[in-house]
Colleague: 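The structure's right below; bear with me while I get my questions together.
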Number of protein chains: 4
Amino acid sequence: MILADQPTPTPEAAPTAGTAAAPAEPAKRGRRADAERNRAAILEAAGAVFAEQGGAVDVREIARRSGVGMGTLYRHFPTKDDLLITVLGQQFDAWLNDAHEQASATEDPWQALTGFFEQILTTQSRNRAVVESYTATGGPTSSCTQRCYSFIDDLRTRCMDAGLLRPDVTTADLVLLSSSLSQAVLTTGDTLPGQWRRVLRISLDGLSSRNTEPLPEPEPGA
Amino acid sequence: MILADQPTPTPEAAPTAGTAAAPAEPAKRGRRADAERNRAAILEAAGAVFAEQGGAVDVREIARRSGVGMGTLYRHFPTKDDLLITVLGQQFDAWLNDAHEQASATEDPWQALTGFFEQILTTQSRNRAVVESYTATGGPTSSCTQRCYSFIDDLRTRCMDAGLLRPDVTTADLVLLSSSLSQAVLTTGDTLPGQWRRVLRISLDGLSSRNTEPLPEPEPGA
Amino acid sequence: MILADQPTPTPEAAPTAGTAAAPAEPAKRGRRADAERNRAAILEAAGAVFAEQGGAVDVREIARRSGVGMGTLYRHFPTKDDLLITVLGQQFDAWLNDAHEQASATEDPWQALTGFFEQILTTQSRNRAVVESYTATGGPTSSCTQRCYSFIDDLRTRCMDAGLLRPDVTTADLVLLSSSLSQAVLTTGDTLPGQWRRVLRISLDGLSSRNTEPLPEPEPGA
Amino acid sequence: MILADQPTPTPEAAPTAGTAAAPAEPAKRGRRADAERNRAAILEAAGAVFAEQGGAVDVREIARRSGVGMGTLYRHFPTKDDLLITVLGQQFDAWLNDAHEQASATEDPWQALTGFFEQILTTQSRNRAVVESYTATGGPTSSCTQRCYSFIDDLRTRCMDAGLLRPDVTTADLVLLSSSLSQAVLTTGDTLPGQWRRVLRISLDGLSSRNTEPLPEPEPGA
DNA sequence: GATGAATGAGATTTCATTCAT
DNA sequence: CATGAATGAAATCTCATTCAT
């Protein structure tokens, strides 16, 4: 497994094996506890607010909801954008961890791939800002992007080895497909919940090895 | 043809046969002509600016680029949103006319459908505000949405009649597919030009009647 | 006279011969009247506030005192610093015009020089920010500085020709002396008004040709 | 000597004979030593920062440069102003001690006076906060001011007794002269180094008894 | 005592919209 | 009608001071 050894790059999200290590550094962590709690509160509030109202909300709303002052917020995230990026990256990360876990537990490669798409879309259907931001920033942190890439590549290889996937499908294709579907979720959000599952099914069917015609090569120029 | 009889719902976009009427009321139209020119300039500038920078731009930028004062802009469009909606509707309209024309000229139903997707992705997905609007409101004006719906429904029927389309694909499915791909293109547009054609191909293959399994029914609740 | 032909470089301060021309350009000046009035009000209020309280005041105080909104203030002066610099430059300018006029009207060269120093110090004794800023910004606009330089050079030449001034006194010496005395005025401001006149007298006496020893050459390095 | 008996009014600045007392109370002083070191570090850093950037700097900058936390800084100096005043007073004090020492070692009264001015301009005028303080408060602490006054008065008396000084020059005149020249040096410091020596010379020449005309009496009013 | 994060009242700046000319 | 300055309510950001650890 490619991603198995680096599941959580952010310090506060390291529950797998680091729980015993945390109390090992009490002196240095002196004040960190409170700060970390605030940071978490901010991120949570920001996550909720961004999810509900998108990225154009008043920063004070986030400060209010997280119970911290403006100064605290700006200490942790010197800019509204910093906050947004961090929130996105974190949610992305959490989701990726879930996805990874679920995929590992699934025997059938095709079902693992299917489950992956199901999960990403289910998760993001609840979060407006996450998807909005793909358009604005081109996705979260590059580190997240890379982990995601590796993970999807893994799924692809499994399916390919089992002869289930169209032979010339690349990882980039799958990434783009997932981001495209993400936005389908937003489009139908409240009005047509569940509609996106149909489009997902269509796309997945288009990925199966039953489709034999080669995909168009992207023009090398530009 | 479904859309043929209502090509341009907005008043200023009916140049085909109305040009002779203008000189009929010269004195009063002297002013009107000027106003019309301004309105056109505003719409053009707004179109460009919204496409480049999305719907969150400063109104001044539009006023500047169109060469009119703020007052003039607000005389024509009482609200920034009015302007945005009008621009969107107009562009949508123009695009729909093109799409319609192109589809009419294409014999093969499947190719008509394919061409439609090609066109929407080529044309609209570079336009930030258009894509934003998919997420925000589910499409521009409702009248546009309806025309679009009718048009796509027409394409769907042609393909269905020819037995080329998966039997339970709905018009809503096709609409959703197109909007989701639009946003994917915007995301990857600059970094991976042409990549989207591969994903489009995958999705289209998933639409073909060769895929026989039924699509999932959206849950009736909500 | 060096400065005679360019007494007022700023547009609104051109009363000498342009009074007849003002009504000649009504169309273009359409809205300018109000804007100019506002600009003047802002500058006046800012001048007063800066003079009273120094450069660290709240901008809103200035907005309030001038009766304009924050937006108006920031339309005219995009930055607090812009406002400060403009105010300073303008006051400097006004003062320089007065000084020039007065010097022209004075026959005796030495008395012209004396009067110049008297005037600059009298004026600035009422304005805290003007002098503060010399320290911070190194003086107002360079154009003002240049005019000032020219003017002082003129005074110096007159005195030198009359044999009243120490032979190796340069214009730079006089400029530095005046700025030094400016700050003496501030230092004694409220507590010892008039005290600065004694120091002024001392310095002027040091300038007279009765002092024959050469002044030290500034080291050429650095 | 007037100033000899009260060289260091602040407690921590009495190292001359008090060093032996420190080891006398070791246990309690263990902590105190640390605190003292911190206090010194803060004062040093504050001195540097205030000198460089003036009194408007962020307190954090001082904390950072001194290597202590904000809490420690505020334990020693309950207010930014307290810190500033202490720093100023201390620097002023050190300078005054030097000045006193130097003056004592100089036989010629006029040269003592000249040396005093040389020294103040060389030392203090590079220090932004010190110079600022002349304008703001009329000098650092009042105790410093008094010592300074006494010292200058002493110099004045020596010169006066020797018949070298203009008869009606007061101590206040000399104080004002020094502070005004300080600020002039700060203004021109970087651009015209050394220029101030010429102006100093001019002013000193104006102080000499060769100038016989009486100085103007400050108006008694206000 | 020391630490540095938290606080929150300001300060600055932006921008959709209105309105005098 | 056109103009673009005016408006002022947000929004973002700073910093002296406090306080939990």
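Quick note on labels: first sequence line is chain A, next is B, and so on, each numbered from 1. Because only heavy atoms are used, hydrogens play no part in the values below, and waters and symmetry mates are left out as well, while side chains stay in.
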Colleague: What integer distance in Å separates Asp58(A):CG from dC15(E):C1'?
Modeller: 14 Å
Colleague: Distance check needed: dA11(F) P versus Leu84(A) CG, whole Å only.
Modeller: 16 Å
Colleague: Return the 5'-most residue of the pair Gly71(D), Gly71(C) with respect to DNA chain E, ranking by each residue's nearest nucleotide.
Modeller: Gly71(D)
Colleague: Can you list every pair that meets salt bridge (charged side-chain N to carboxylate O under 4.0 Å, His left out) and has a residue in residues 81-91 of chain A, with sequence neighbours left out?
Modeller: none
Colleague: Between Asn38(B) and dA2(F), does any side-chain N or O lie under 4.0 Å from OP1 or OP2?
Modeller: yes
Colleague: Minimum heavy-atom separation for Ala46(D) to Val87(D), with atom names?
Modeller: CB-CG2, 3.7 Å
Colleague: In whole Å, what is the span from the CZ atom of Arg64(C) to the C1' atom of dT12(E)?
Modeller: 15 Å
Colleague: Give the intermediate values and the outcome of side chain to side chain contact (heavy atoms under 4.5 Å, CB included) for residues Val57(D) and Arg65(D).
Modeller: CA-CA 12 Å; Val57(D) 278; Arg65(D) 292 253 283 248; over 6 Å; no
Colleague: Got a minute to check which stems DNA chain F is part of, using Watson-Crick or G-U wobble pairs under 3.5 Å, three or more consecutive?
Modeller: E:2-21 with F:2-21
Colleague: Between Tyr74(D) (OH) and dC15(F) (P), how many Å, whole number?
Modeller: 12 Å
Colleague: What's the separation between atom CG in Leu73(A) and atom CZ in Arg64(A), rounded to the nearest 0.5 Å?
Modeller: 12.0 Å
Colleague: Relative to the 5' end of DNA chain E, which residue comes earlier, Met70(B) or Met70(D), by the nucleotide with the nearest heavy atom?
Modeller: Met70(D)
Colleague: Could you give the CZ-to-C1' distance, from Phe50(B) to dA16(E), as a whole number of Å?
Modeller: 12 Å
Colleague: What is the distance, rounded to the nearest whole Å, between atom CZ of Arg39(A) and atom P of dT7(E)?
Modeller: 16 Å
Colleague: Taking the side chain as everything from C-beta on, heavy atoms only, tell me whether Tyr74(D) gets closer than 4.5 Å to Val59(D).
Modeller: yes
Colleague: Could you check how far CD1 of Ile62(A) sits from P of dT7(E), rounded to whole Å?
Modeller: 15 Å
Colleague: Let me spell it out: for each of Arg60(A) and Gly69(C), pick the nucleotide of DNA chain F with the closest heavy atom. Which residue's pick is nearer the 5' end?
Modeller: Gly69(C)
Colleague: Are OP1 or OP2 of dA5(E) and a side-chain N or O of Thr72(A) less than 4.0 angstrom apart?
Modeller: no
Colleague: Please lay out, stage by stage, how Phe77(A) and Ile85(A) fare under the test side chain to side chain contact (heavy atoms under 4.5 Å, CB included).
Modeller: CA-CA 10 Å; Phe77(A) 306 98; Ile85(A) 288 172; over 6 Å; no
Colleague: Tell me: CD of Glu61(A) to P of dA11(F), nearest whole Å?
Modeller: 10 Å
Colleague: I need the minimum non-hydrogen distance between Met70(A) and Ala63(A), along with the two atoms involved.
Modeller: SD-CB, 4.0 Å
Colleague: Kindly state which residues belonging to residues 75-83 of chain C come within less than 4.0 angstrom of DNA chain F, counting heavy atoms of the residue only, listed by number.
Modeller: Arg75(C), His76(C)
Colleague: Between atom NZ of Lys80(D) and atom CG of Leu83(D), what is the distance when rounded to the nearest 0.5 Å?
Modeller: 9.0 Å
Colleague: Please find the pair of heavy atoms, one from Ser66(A) and one from Ala41(A), that lie closest to each other, and give the distance.
Modeller: CB-O, 3.4 Å
